[in-house]
Structures are given as structure tokens and as C-alpha cells.
Amino acid sequence: MSERRYDPHEIEPRWQSVWASERTWEVDNEPLEDARTVVAPPSAYVLEMLPYPSGEPHIGHLKTYSVGDAIAHFHRRLGQRVLHPMGYDSFGLPAENHAIKTGVHPRVSTAESIASFQRQFRSWGISIDWSRELATSDPSYYRWTQWIFLELFRAGLAYRREAAVKWCPKDQTVLANEQVDADGRCERCGAIVEVRQLEQWFFRITDYAERLLNDLDTIDWPEHVKTMQRNWIGRSEGAEVTFRCQELAIDYPVFTTRPDTLFGATFFVMAPEHPDVLRLAAGTPNEQAAREYVNTSLKESNEERGNAEKHKTGVPLGRTVTNPVNGEQIPMYVADYVLMEYGTGAIMAVPAHDERDHDFAVTFGLPIRQVIAPADGSEAELPYIGDGVLINSHSDFDGISNREALAAIVSWLDREGKGHASVNYRLRDWLVSRQRYWGCPIPIVHCERCGLVPVPDEQLPVELPEIDDYLPKGRSPLAAAEDWVNTRCPNCDGPAKRETDTMDTFVDSSWYYLRYCDARNESAAWDPSALRQWMPVDQYIGGVEHAILHLMYARFFCKALADLGHLEFEEPFQALFTQGMVTKDGSKMSKSRGNVVSPASIVERVGADTARCYILFVGPPDQDADWSDEGVDGVYRFLGRLWRLAAETADRTAPAQPELSGDAGAEGDDLILLRKAHWAIDKVSGDMRRFAFNTAISAVMELLNDSSRLRESASARTLRFALGTAASLLFPFAPHTSADIYERFTGERVWEQPWPEADEALLERDVYELVCQVNGKVRDRVQASTEASPEQLKELCHAAANVRAHVDGKELVKEIVVPGKLVNLVVR
RNA sequence: GCCCGGGUGGCGGAAAUGGUGAUACGCAGUCGACUUAAAAUCGACGGCCCGCAAGGGCAUGUGGGUUCGAAUCCCACCCCGGGCACCA
């Protein structure tokens with residue numbers, strides 16, 4: 001027999017061209033009537049986060065799509081119709097920055113990158129329904145992004161206001177809170193972010209805080225991702241309490257989570273951004289100092305200001321407010337530890353029971369009045385944050401627990417009209433406007449007479465104009481395209497100007513999964529019946545880095561669009577899987593470190609099947625994995641051994657026969673191998689459901705090892721079954737090699753075959769190795785029958801030679817029998 | 001500081017619900033076969049210590065505990081990774 005060589009470069013393109021020419025992975029939307037009358041096969045929507053096309057795909061992409069493709073294939077073979085589409089998140093800063101540097105239009109460089117992604121996805125053999133492909137920068141897509149924007153605008157969910165916003169001086173654009181990292185740096189370019197007052201567009205995501213929080217309970221997401229979202233939303237229960245400044249006759253409500261400590265409030269603090277600060281200070285001796293303080297604070301970066309280690313600063317305003325519970329006049333301060341964006345921008349300060357207020361009081365020599373004492377009567381060290389009983393408060397409340405007092409005080413405030421129970425969220429409205437070119441234009445016209453006027457639906461899309469200069473100059477580069485900017489008001493036909501800001505790219509990616517369901521619809525963003533068929537996404541796959549931003553925004557879009565009557569569901573992604581990062585030598589791959597492994601070079605060296613299997617085999621896919629070229633070689637050897645043994649066995653058992661089955665009367669090595677094959681089916685099936693692809697692949701390796709060991713002693717038929725099964729089980733990970741092997745054996749296409757089922761009878765054994773322990777230590781092992789009674793098992797154990805050596809001459813205290821496992825004798 | 005994950009051989013990692021000698025599978029390593037040689041391939045051996053062996057002792061970050069039995073459960077601590085961080 002001639003030596004056969006495993007040649008992925010021959011095998012892979014051959015199968016890829018079958019899938020391309022037959023459009024194997026395309027699925028149609030069933031007409032609705034059919035879905036109702038015919039028993040429609042169950043469907044599944046398997047989706048990986050769409051890539052941002054910049055340069056070439058990297059290893060992280062390979063991992064995401066290897067995971068997603070395995071899931072998609074598994075669902076198909078379980079008999080489901082699977083929607084598994086692909087698209088590109090093709091608006092964004094990197095292409096624009098590239099354009100600034102090289103003059104190449106972002107559309108051109110993006111198109112090149114997309115072509116590269118397409119080529120590589122095909123070369124990886126990912127089972128994509130290419131008929132639904134989309135790019136968010138394509139007018140046929142962003143037309144509908146604009147339509148959604150206008151729907152939100154008309155509903156009051158998109159609005160414009162002046163705001164202190166995060167401004168990146170390098171990228172010359174506003175950033176969302178979420179795009180500023182922990183050090184106060186721009187997520188993209190790393191420059192220190194500044195604060196500016198600008199008119200900006202926002203989405204009213206805060207209206208949805210409660211629902212975004214509560215509905216987390218209805219979806220099957222990793223707990224840590226839910227936790228991150230919960231923290232981000234940051235719900236706090238408490239009360240809003242009104243403090244009145246008598247001199248100016250102004251009420252200042254504050255939010256507090258601790259109304260039980262109201263009697264301990266000894267001063268009052270406002271954020272530097274608070275619009276009343278200068279008015280309050282005006283005419284007092286502190287006017288000048290307050291003004292200077294506000295100015296310095298506003299210039300300070302968030303990084304400097306947010307540092308909790310920093311000692312407290314502030315300036316007295318020379319005014320007082322009245323504490324509503326006891327009528328005390330307490331002094332007002334302005335201090336930068338109070339944030340304008342949270343609560344009301346003003347706080348009551350209780351130095352005895354709040355660390356920050358305590359620091360401030362110590363620095364400024366303000367009174368500290370303890371109003372809660374530990375319930376056990378011990379002396380509390382201040383600030384005391386814990387629970388206890390009220391003291392120094394009011395005879396109605398002193399002595400009762402602070403939890404009770406909290407409720408009692410809130411209802412008292414409510415009755416007196418001085419406050420009420422309240423809930424606050426950390427979540428802020430989503431700033432969506434960007435002063436950049438390469439993004440979706442905001443379809444609004446500014447008319448001097450009519451104000452903000454939406455571009456009529458039938459005039460969408462508002463297409464991006466051609467410009468020569470992408471360089472941002474503090475305003476959108478679009479402002480330079482005067483022919484485009486100057487237009488007529490759709491309302492009054494008077495002269496008007498187009499909005500020159502573009503949308504944050506997260507807007508584009510907040511609804512793309514809807515568009516896939518009806519990607520070629522030219523008269524609507526989607527037809528409701530198309531969504532009914534596929535949505536919500538059954539399994540979403542992507543990196544944890546999107547745990548907050550993208551996943552929160554997409555959820556918000558669904559809820560808002562559902563409220564507007566466009567969707568019949570409120571959660572886009574029923575289940576989520578987040579895969580870990582791929583590192584090299586323990587650190588993140590990056591060009592500057594020079595440790596980038598390109599998927600293309602791996603595929604060229606060992607083929608896509610090896611690359612895909614390796615990345616799933618190296619460890620649990622939800623964890624980070626370190627790339628090792630030696631490990632890749634190991635997987636390559638495995639696929640090669642499997643393919644060669646299969647090819648050799650197929651030659652021996654030719655011609656191919658469609659059915660693949662074991663011998664019912666198998667015995668000896670045939671039975672051993674048959675059992676192993678069924679064990680592997682059972683193991684892989686379970687592992688697929690748990691995303692345990694690493695152990696699934698190792699189970700197939702075990703099956704191959706046994707097949708190889710028994711290649712001479714087992715029958716050709718059993719060997720054929722074992723190896724055909726191995727190919728069938730490996731198909732979701734190594735589709736080309738598996739399809740090739742399966743076809744050799746059966747002449748059939750493995751992707752058209754149902755997922756194999758394990759024969760229960762072959763999973764069970766009639767004899768097993770009984771573990772014989774003495775005092776919990778294994779002393780011997782004997783063959784036992786599954787049928788044996790506990791009494792018989794005890795006897796077997798007592799009879800074992802090495803057990804006797806440890807038991808003889810000792811007192812038997814206890815006997816523990818675990819049928820099917822072990823017997824443990826306790827002796828003294 | 002708070003909230004999540006994790007600590008298992010030289011390495012990546014296995015081990016639903018406590019139950020085989022924990023370390024499957026792969027990598028690296030050692031030895032052997034084939035070869036003029038190498039590569040490729042195939043086969044064998046690999047936790048540590050004592051012992052010729054049978055066997056015994058010690059081993060899942062550290063220290064306690066629960067249990068006939070703990071990588072797995074409980075308590076305390078140490079280390080690593082991630083998220084949030086003046087959110088009142």
C-alpha cells in the first residue's frame with residue numbers, strides 16, 4: 001500500500017469550494033404560513049460578535065469564530081436550521097486615522113480589510129451564510145441606523161444638550177464615559193482625556209436602568225458579565241432630602257443612601273460644576289476663593305480628581321442650609337469630591353458615618369457628630385459605617401436600630417414634604433455624537449426657524465459626503481463639506497444646515513443582529529416575521545471586553561425598539577459565551593511587543609483544521625490561552641494520524657458504504673474499541689453542551705489512540721466505525737479533515753448526518769474494578785460484577801491480598817460500600 | 001478599598017453531584033525501532049522520597065476543620081488575573 005500523506009492544502013480548498021459552490025450554509029427565512037402550518041424544524045441563531053475590519057484578522061478572531069462555528073455545526077447536526085451570518089463593523093476611528101496619515105480614503109482601506117477578512121474566513125472553513133453579509137458603513141445598512149436614530153429622536157430618547165464631556169485632545173473628539181479607561185486615558189489612543197462643555201447628542205439609556213438591571217435575571221449569561229453590568233448600572237436605594245438655603249430661598253435636594261444618619265449631617269457640599277455655586281458665593285467674602293477653586297477643578301483631569309488617595313480640598317461658600325430634620329444651620333462648601341453627574345450634584349455630609357465626609361471634616365476642622373452606635377454597646381471608631389442603634393438624634397428615633405430608623409425617617413420626611421424615598425443609578429446617558437468623518441451621519445437638520453428637524457425617512461440615507469481633509473480641527477471634518485452642510489429645512493424649506501457630527505460606532509453594532517434576519521430588505525430595516533423566526537439570538541459569542549459597552553447598548557436598543565412597537569422581545573442575546581484572550585509568552589499579542597501570531601501564517605503552515613483545533617484544545621475556551629507553536633504541531637500530528645489511519649482503513653474496507661455501524665455481537669478487542677467509540681460519543685456530546693471543547697477533542701484523541709493500538713486485532717468493520725465516528729465527532733472543530741474521512745468511509749457528507757448517539761448498553765459494563773480501601777487508603781483493586789450485592793462486594797474486598805495485610809489483627813470498626821466504586825474498611 | 005475569577009507535574013491543562021494509585025489528552029524530555037544519517041513515522045518510560053522487588057511514605061498555594069473518605073465542602077491566610085473605584 002502506498003504511503004499516504006495528510007495534506008491540508010489539498011483537502012481544505014477542495015471542501016471549501018464544495019461549500020461555496022453549493023451555498024451549503026445559507027438558510028432561507030421560511031414564509032410565515034409554513035412556519036405555522038408545517039411542523040417547522042427547530043431553528044437556532046448562532047452569532048459571534050462582528051469583527052471590526054482593520055488590517056487582517058488576528059488570533060482572537062480565529063478563536064471567536066472557531067468557537068462559534070463549532071456551536072453552529074453542532075446545532076445543525078442536532079437537526080436545527082441554523083442562522084450563522086457574518087458582517088463588518090466598518091465605521092470607526094482607526095480607518096480614519098489611517099486616512100489622515102496616508103490620504104487613503106477610509107472606504108478604500110476598509111474595503112481592503114474586509115476583503116482580507118472574507119478571504120480568511122473562507123480559508124478557515126467557517127460555515128457562514130454569506131447571503132446575509134453586511135457592512136455597517138454601507139449606505140444600505142446605515143440608512144436604517146439613521147432611521148432608528150430618528151425613531152429614538154421622535155420618542156424623545158435621542159436628545160441634544162450641553163454637557164461637560166470627555167474630550168480626547170489627540171483624536172479631537174468627544175468620548176463616551178465608557179471609552180475612557182481607568183487612568184483617564186482615551187481607550188483608543190491613550191491620550192489624557194480633558195473635560196469640555198459642548199452641545200452633544202445623547203441617548204436616554206438611563207430611562208432603562210431599572211429594566212436593564214432586572215432583565216439580567218432572564219438571560220443565560222456568565223455570572224461575572226451580569227455582575228459587571230449590575231455594577232455599571234449601580235442601583236442605590238435611599239432618599240431624596242431637601243435642604244433649604246434660607247438666605248436665597250432655594251431648595252437643594254440631595255440623594256442619600258443613609259437617611260438614618262440625617263441627624264449627623266454637619267455640613268453640606270456642592271460639586272464644582274453645580275450651576276448655583278458661584279451664585280451662592282456671590283457677595284460673600286469667599287466669592288473670589290470659590291471662583292478660583294471652581295476654575296481649577298474644572299481644568300483638572302478626571303484622573304487627578306478621581307484619585308481616592310488624594311486629600312480632600314474645598315472652599316466654604318459662606319452660606320448655610322437648614323437640616324430638615326432638626327432645623328440646624330449647616331455650612332455650605334464646594335468640593336471636588338462631589339460629582340455633578342451623580343445624584344443632584346450636592347450632598348449632605350455626615351462625617352461620623354462616611355469616610356469621605358470624615359476626611360473632609362478633619363481637614364477643615366468641622367464638627368463630627370456620631371448618631372449611630374454599635375448595637376453591642378462597644379465603642380465605635382469613626383467613621384463608623386456599620387449598622388447599629390441611633391443616638392444623638394431625636395427622642396422618636398434614639399435607641400432603635402438604624403435599619404428601622406431609616407424607614408421611619410423617610411416616611412416622616414415624606415409626610416412633612418421634605419423628602420421621599422428614591423433610587424439612584426450610576427449609569428449615565430449615552431453620549432453618541434462624534435466630531436469625526438468616518439461614521440454614520442446624524443440625520444438631523446438645524447433650521448433657524450424650526451430648530452432640530454429630522455430628515456424625512458424617504459430622504460434617507462443621508463450619505464457621507466466626499467471630503468479631502470480628514471484632519472479633525474475641533475469640529476467634525478464634515479463641516480468643511482459646505483455643499484453638503486448647507487441644505488433646506490424639510491419643514492419650512494428655509495435655509496438650514498446639516499448636523500455635522502457622526503454617530504459613535506457602538507450605535508451601528510447595537511442592532512446588526514436584527515438586520516441579519518432580513519439583510520436584503522430595501523423597504524424596511526426588517527420585516528417583523530423575519531425577526532419572529534430567528535430572534536432572539538440563541539447563542540452569542542465574543543470577548544469579555546464587550547461585557548459592558550456593546551452588550552449594554554444592544555440590550556438598550558432592543559428595549560427601546562420594543563417600546564416603539566418594532567420588536568416583540570426585549571433581550572437580544574438569550575445566551576452568551578465569552579471567550580478568553582490568546583496570549584503569546586504570557587502577554588497580550590501586539591505589534592510593539594513583536595509577538596503577534598498571524599492566523600494566515602498558521603493556516604499556511606499546518607492548515608485551518610489544525611489551527612482551529614489547537615485553539616480549542618489548548619484549554620477551556622472561556623479562559624485565556626497561551627499560544628505555543630509546539631502545541632500546534634501536536635494537534636497537526638493528531639489530525640495527520642487520524643487521517644492516515646482512516647485512509648488506510650478505508651482502502652482496506654472499500655468500497656464505501658453509507659452506513660457506519662458497529663458489530664452487535666462484537667467481543668474481545670472489537671468490543672473494547674466499540675465501547676470506546678460509544679464512550680467518545682457520549683463524552684463529546686456532553687462536552688459540546690458545556691463548551692468544553694478541549695476535553696471533547698481529547699476524547700477523540702483517545703478514540704484514535706485506541707483505534708491505532710487495536711488496528712491489527714480489531715476487525716476492519718469496527719475500525720471503520722471507530723474512525724468514522726471520530727471524524728463525525730471532530731467535524732465541528734476540523735470540518736475539512738472530518739468531511740474528507742467521512743466521505744472515504746461512507747460516500748456521504750458528514751454535515752448532512754445527524755449527530756451520533758451513544759448506545760447506552762455499550763456505555764455500561766458488566767464488570768468493573770472495585771477499589772478496596774482500608775482507612776480510606778487504596779490497598780488493592782479487584783474485578784467485581786455490576787450485579788454484585790453490597791455483601792458480596794464486602795467479601796471481595798476482605799479477600800483481596802493486600803487488604804488482608806492491612807486488616808489482619810485489627811478490629812473492624814466500619815464498612816462502607818459504594819456500589820460501582822469502592823469498599824472502604826475502617827479498622828483500629 | 002469593594003466585587004468577581006483562579007492557584008493541580010518541567011509546561012498547557014483533566015478529574016458533573018466528595019469516592020480508583022489525582023495528574024486524562026497534548027507539549028517538552030529520556031530510551032528504543034526504521035534509516036548510511038537526519039527528518040517524518042512507530043513503540044516504550046516519565047509526580048517526589050525510601051526500597052532489588054513486593055511494598056511503604058509524601059504530594060492539588062499555606063494553616064486549620066468537617067468526613068470512613070477532600071483538588072472538590074467550611075474557616076483563616078498568602079499569591080496571581082480581571083472589573084469597579086471619592087457614585088454620597
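Throughout, a chain's letter reflects where its sequence line sits, starting with A, and its residues are numbered from 1. Atoms considered below: every heavy atom in the structure, side chains included; atoms not considered: hydrogens, waters and symmetry mates.
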| field | Pair A:Arg641, A:Asn705: side-chain N/O donor-acceptor within cut-off below 3.5 Å | value | yes

| message | Closest approach to the side chain of A:Ser708, judged atom by atom: which nucleotide of B:C25, B:A88, B:G43 is it? | response | B:G43

| Rounded distance in Å - CD (A:Gln579) to C1' (B:G5) | 17 Å

| Between A:His546 and A:His550, how do the two ring planes meet: parallel, tilted or perpendicular, split at 30° and 60°? | perpendicular

| request: Please check the phosphate of B:A40 (OP1 and OP2 only) for any side-chain N or O of A:Arg637 closer than 4.0 Å. | output: no

| field | Sugar-phosphate, base or nothing in reach of A:Asp357, heavy atoms under 4.0 Å | value | nothing

| message | What is the distance, to the nearest angstrom, from the CD1 atom on A:Ile385 to the P atom on B:G1? | response | 15 Å

| field | Sugar-phosphate only, base, or nothing, as touched by A:Glu815 at under 4.0 Å among non-hydrogen atoms | value | nothing

| query | When rounded to the nearest Å, what value does the distance between C1' atoms of B:U23 and B:U8 take? | reply | 7 Å

| task | Measure from CZ on A:Phe638 to P on B:G12 and round the result to the nearest Å. | result | 22 Å

| Given the P atoms of B:A16 and B:G7, what is the spacing between them in whole Å? | 14 Å

| said: Give me the distance, rounded to whole Å, that separates B:A53 from B:G69 when you measure between the P atoms they each carry. | reply: 32 Å

| request: Using a 4.0 Å heavy-atom cut-off across all strands, classify A:Asn424 as base, sugar-phosphate, or nothing. | output: nothing

| remark: Applying the 3.5 Å cut-off to both distances, the Watson-Crick or G-U partner of B:G26 turns out to be B:C11

| request: Look at all strands and tell whether A:Asp633 reaches a base, only sugar-phosphate, or nothing, counting heavy atoms closer than 4.0 Å. | output: nothing

| said: Among B:A85, B:C4, B:G13, which nucleotide has an atom closest to any side-chain atom of A:Arg426? | reply: B:A85

| query | Base, sugar-phosphate, or nothing for A:Ser628, non-hydrogen atoms under 4.0 angstrom? | reply | nothing

| said: For a quick test of reading the model, state the closest non-hydrogen atom pair linking A:Asn694 to A:Phe617 and the distance between them. | reply: CB-O, 3.5 Å

| said: In terms of relative ring orientation, are A:Tyr337 and A:Phe360 parallel, tilted or perpendicular, with 30° and 60° separating the classes? | reply: tilted

| message | Taking any heavy-atom pair under 4.0 Å as a contact, classify A:His806: base, sugar-phosphate, or nothing. | response | sugar-phosphate

| said: At 4.0 Å (heavy atoms only), tell me whether A:Asn824 reaches a base, stays on the sugar-phosphate, or touches nothing. | reply: base

| message | Whole angstroms only, please: what is the CG-P distance between A:Asn775 and B:G56? | response | 13 Å

| message | Can you tell me if A:Asn705 touches the phosphate of B:G26, counting only side-chain N or O atoms and a distance under 4.0 Å to OP1 or OP2? | response | yes

| task | Taking atom P in both B:G61 and B:G6, compute the distance separating them and give it to the nearest angstrom. | result | 13 Å

| query | Does A:Lys777 make a side-chain N or O approach to OP1 or OP2 of B:G55 shorter than 4.0 Å? | reply | no

| Where each residue is assigned the nucleotide of RNA chain B containing its nearest heavy atom, which of A:Asn802 and A:Thr227 is assigned the position nearer the 5′ end? | A:Thr227

| request: From the options B:A14, B:U41, B:G12, select the nucleotide whose nearest atom is closest to the side chain of A:Val618. | output: B:G12

| field | Base orientation of B:G43, syn vs anti, 90° cut from 0 | value | anti

| said: So A:Arg779, base contact, sugar-phosphate only, or nothing? Heavy-atom distance under 4.0 Å. | reply: sugar-phosphate

| task | Kindly point out which of B:C42, B:G19, B:A14 is positioned nearest to the side chain of A:Arg644? | result | B:C42

| remark: Rounded to whole Å, CE of A:Met581 lies from C1' of B:G6 at a distance of 15 Å

| query | Where the side chain of A:Val826 is defined as all heavy atoms beyond and including C-beta, which of B:G83, B:C25, B:C68 is the nearest nucleotide? | reply | B:C68

| Side chain of A:Asn694: nearest nucleotide among B:G19, B:A88, B:A14? | B:A14

| said: Can you confirm whether the side chains of A:Gln579 and A:Thr64 place a donor and an acceptor under 3.5 Å from each other? | reply: yes

| request: Could you tell me whether the phosphate oxygens of B:A40, OP1 or OP2, come under 4.0 Å of any side-chain nitrogen or oxygen in A:Arg641? | output: no

| remark: From the candidates B:G12, B:A88, B:C42, the one with an atom nearest any side-chain atom of A:Ile347 is B:A88

| Do the side chains of A:Tyr636 and A:Tyr614 get nearer than 4.5 Å, heavy atoms only? | no

| Whole-Å distance between B:G26 P and A:Asp629 CG? | 19 Å

| request: Determine the interatomic distance between C1' on B:G63 and the same-named atom on B:C79; round to the nearest Å. | output: 15 Å

| Within the structure shown, what part of the strands sits under 4.0 Å from A:Gly634 by heavy-atom distance: base, sugar-phosphate, or nothing? | sugar-phosphate

| request: Could you tell me whether A:Arg230 contacts a base, only the sugar-phosphate backbone, or nothing, with contacts defined as non-hydrogen atoms closer than 4.0 Å? | output: nothing

| task | Pick the P atom in B:A70 and in B:U62, then give their distance to the nearest Å. | result | 15 Å

| query | B:G7: syn or anti, with syn meaning chi within 90° of zero? | reply | anti

| remark: Winner on side-chain proximity to A:Leu822, out of B:G13, B:G19, B:C86, is B:G19

| Paired with B:C84 by Watson-Crick or G-U wobble geometry, both distances under 3.5 Å: which nucleotide is it? | B:G1

| So which nucleotide from B:C68, B:G55, B:U41 ends up closest to the side chain of A:Ile816? | B:C68

| Say you pick atom P in B:C75 and the same atom in B:C4; how far apart are they, in whole Å? | 13 Å

| field | Counter-base of B:C58, judged by Watson-Crick or G-U geometry with both distances under 3.5 Å | value | B:G47

| So does A:Ser236 get a side-chain nitrogen or oxygen closer than 4.0 Å to the phosphate oxygens (OP1/OP2) of B:A88? | yes

| task | Please measure how far the C1' atom in B:G1 lies from the corresponding atom in B:G9, and state the result in whole Å. | result | 37 Å

| Pair A:Asp251-A:Thr242, side-chain donor/acceptor within less than 3.5 Å | no

| request: Using a heavy-atom cut-off of under 4.0 Å over every strand shown, decide if A:Val818 touches base, sugar-phosphate, or nothing. | output: base

| remark: Quick note, A:Ile548 side chain, CB onward, closest among B:G83, B:A88, B:C86 is B:G83

| request: Take the protein atom CD of A:Glu630 and the nucleotide atom P of B:G26, then report the distance between them rounded to whole Å. | output: 16 Å

| query | Starting at the 5' end of RNA chain B, which residue's closest nucleotide do you reach first, A:Lys683 or A:Glu702? | reply | A:Lys683

| message | Could you tell me the Watson-Crick or G-U partner of B:C42, where both distances fall under 3.5 Å? Say none if there is no partner. | response | B:G32

| For A:Asp387 against A:Ile372, the heavy-atom pair lying closest together | C-CG2, 4.2 Å

| Identified pairing partner of B:U67, criterion: Watson-Crick or G-U wobble below 3.5 Å | none

| query | Looking only at side chains, do A:Thr695 and A:Asp687 share a donor and an acceptor under 3.5 Å apart? | reply | yes

| said: Rounding to an integer number of Å, can you tell me how far A:Trp679 CH2 sits from B:A14 C1'? | reply: 11 Å

| request: Before accepting this row, confirm whether a basic side-chain N of the pair A:Asp633/A:Arg605 lies closer than 4.0 Å to the acidic partner's carboxylate O. | output: yes

